[in-house]
Amino acid sequence: MVTYKEVRENEDIKTYIKMADATLASMKFTEHSFAHVVRCADTAGMILQKLGYDDRTVELAQIAAYMHDIGNVVNRIDHAQSGAVMAFRLLDKMGMKAEEISRIVTAIGNHDEKTAFPVNEIAAALILADKSDVRRSRVRVEERATISTDIHDRVNFAVEKSKLAFDDENKKLTLYITIDESISLISEYFEIFLDRMMLCRRAADYFGAGFEVNINGTRVM
């Protein structure tokens, strides 16, 4: 049985994550390297664990989240689909069972907001984990000089804290965000992330759960 630990220690997978992030860096995208994928893996695992899924499903979600952006090494366009094909090849080579690979590549192939759909529990958890990762440290140092002119860098840089939390009693996921409004207005957050937040709502619906966004102490969605 291929474990999340083995996937994280696999040198080929590490290389593809590094090179995919380097590709995005050259295009001036925010950070998509180990900080992002590990955080996504932690969050996806947390969601399924809180919802009572078995340990193996939790681990498969962690693996999918860790590998979900490797397709960026090919091209940003259709990176979810190319990443799914790459993940199939890598996991098959490691000896993972076809049934488990199928669940993972389905999730990876359905995480980009242009084509995403929460087709299974792993895909739904990955969508929520990926789209909720907004934070200042994702803005690369070399891009911070342009936050006044680039809305994506400005919004990410303005986010001082963000956390996706699960309310067991009310079966509700809430994305808590603290934004420095002297850097970016809250309206700008929704200008670039509204589609992602609506996708998160659909992913939460898959679990029969609610989804809210709380910015600076106020529910805004």
Side-chain angles (χ1 to χ4, degrees), residues 2-45 59-94 96 100-117 119 122-144 146 150 152-153 155-157 159 162 164 192-193 195-196 199-200 203:
V2 177
T3 66
Y4 175 45
K5 181 176 184 292
E6 289 173 322
V7 168
R8 285 193 63 171
E9 292 175 351
N10 184 282
E11 291 302 323
D12 290 343
I13 295 173
K14 287 181 183 178
T15 298
Y16 290 128
I17 292 172
K18 290 176 185 175
M19 296 305 293
D21 184 58
T23 297
L24 294 182
S26 69
M27 300 168 67
K28 301 188 184 304
F29 277 80
T30 52
E31 177 267 325
H32 283 69
S33 191
F34 295 103
H36 173 59
V37 298
V38 170
R39 178 165 172 153
C40 286
D42 290 345
T43 302
E59 188 166 41
L60 293 179
Q62 291 172 319
I63 292 170
Y66 186 75
M67 300 179 71
H68 78 279
D69 269 338
I70 58 175
N72 284 302
V73 77
V74 178
N75 197 297
R76 181 62 179 174
I77 298 172
D78 296 331
H79 76 281
Q81 288 73 36
S82 55
V85 174
M86 291 173 65
F88 161 77
R89 176 70 178 88
L90 290 159
L91 294 172
D92 183 59
K93 184 179 178 181
M94 293 175 73
M96 182 177 279
E100 293 188 337
I101 294 175
S102 298
R103 296 167 73 189
I104 288 172
V105 300
T106 297
I108 293 174
N110 278 279
H111 85 268
D112 184 68
E113 59 267 22
K114 297 180 182 65
T115 55
F117 196 85
V119 292
I122 296 173
L126 173 54
I127 287 167
L128 285 158
D130 183 37
K131 306 315 172 191
S132 64
D133 185 20
V134 53
R135 51 189 160 80
R136 176 168 292 178
S137 54
R138 292 197 70 182
V139 181
R140 303 176 194 276
V141 173
E142 59 270 26
E143 305 304 330
R144 294 184 180 185
T146 65
D150 188 296
H152 291 86
D153 286 342
V155 169
N156 278 278
F157 192 75
V159 176
S162 66
L164 185 65
I192 63 172
F193 288 139
D195 287 348
R196 298 181 190 184
L199 180 58
C200 284

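Only heavy atoms go into these numbers, but all of them, side chains included; no hydrogens, no water, no symmetry mates.
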**Request:** Determine yes or no for a side-chain-to-main-chain donor-acceptor pair under 3.5 angstrom, with Glu6 supplying the side chain and Thr3 the backbone.
**Result:** yes
**Message:** Between Arg140 (side chain only) and Phe29 (backbone N and O only), is there a donor and an acceptor less than 3.5 Å apart?
**Reply:** yes
**Message:** Quick test of your reading of the model: are Glu11 and Lys14 salt-bridged, counting only N-O distances below 4.0 Å?
**Reply:** yes
**Request:** For His152 and Lys28, run side chain to side chain contact (heavy atoms under 4.5 Å, CB included): C-alpha distance rounded to whole Å, both residues' side-chain angles, the deciding distance at 0.1 Å, then the answer.
**Result:** CA-CA 10 Å; His152 291 86; Lys28 301 188 184 304; over 6 Å; no
**Request:** Only one of Arg39, Arg135, Lys18 passes salt bridge (charged side-chain N to carboxylate O under 4.0 Å, His left out) with Glu31; say which it is.
**Result:** Arg135
Find out whether [X] and [Y] are in side-chain contact, i.e. whether some heavy atom of one side chain is under 4.5 Å from a heavy atom of the other.
| X | Y | answer |
| --- | --- | --- |
| Ile17 | Ile13 | yes |
| Asp69 | His111 | yes |
| Asp21 | Asn72 | no |

**Asked** How about Phe117: does its CZ atom have over 12 heavy atoms from other parts shown lying under 6.0 Å from it?
**Response** no
**Request:** Flag yes if more than 12 heavy atoms outside Asp42 fall under 6.0 Å of its CG atom; otherwise flag no.
**Result:**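 Yes, because the 6.0 Å sphere around CG of Asp42 holds more than 12 heavy atoms from other groups.
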**Residue pair Ala44 / Ala129: nearest heavy atoms and the distance that separates them** =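 Heavy-atom minimum between the residues: N-CB, 3.7 Å.
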**Request:** Identify the residue among Asp153, Thr30, Asp150 that makes a side-chain contact (heavy atoms from CB on, under 4.5 Å) with Glu143.
**Result:** Asp153
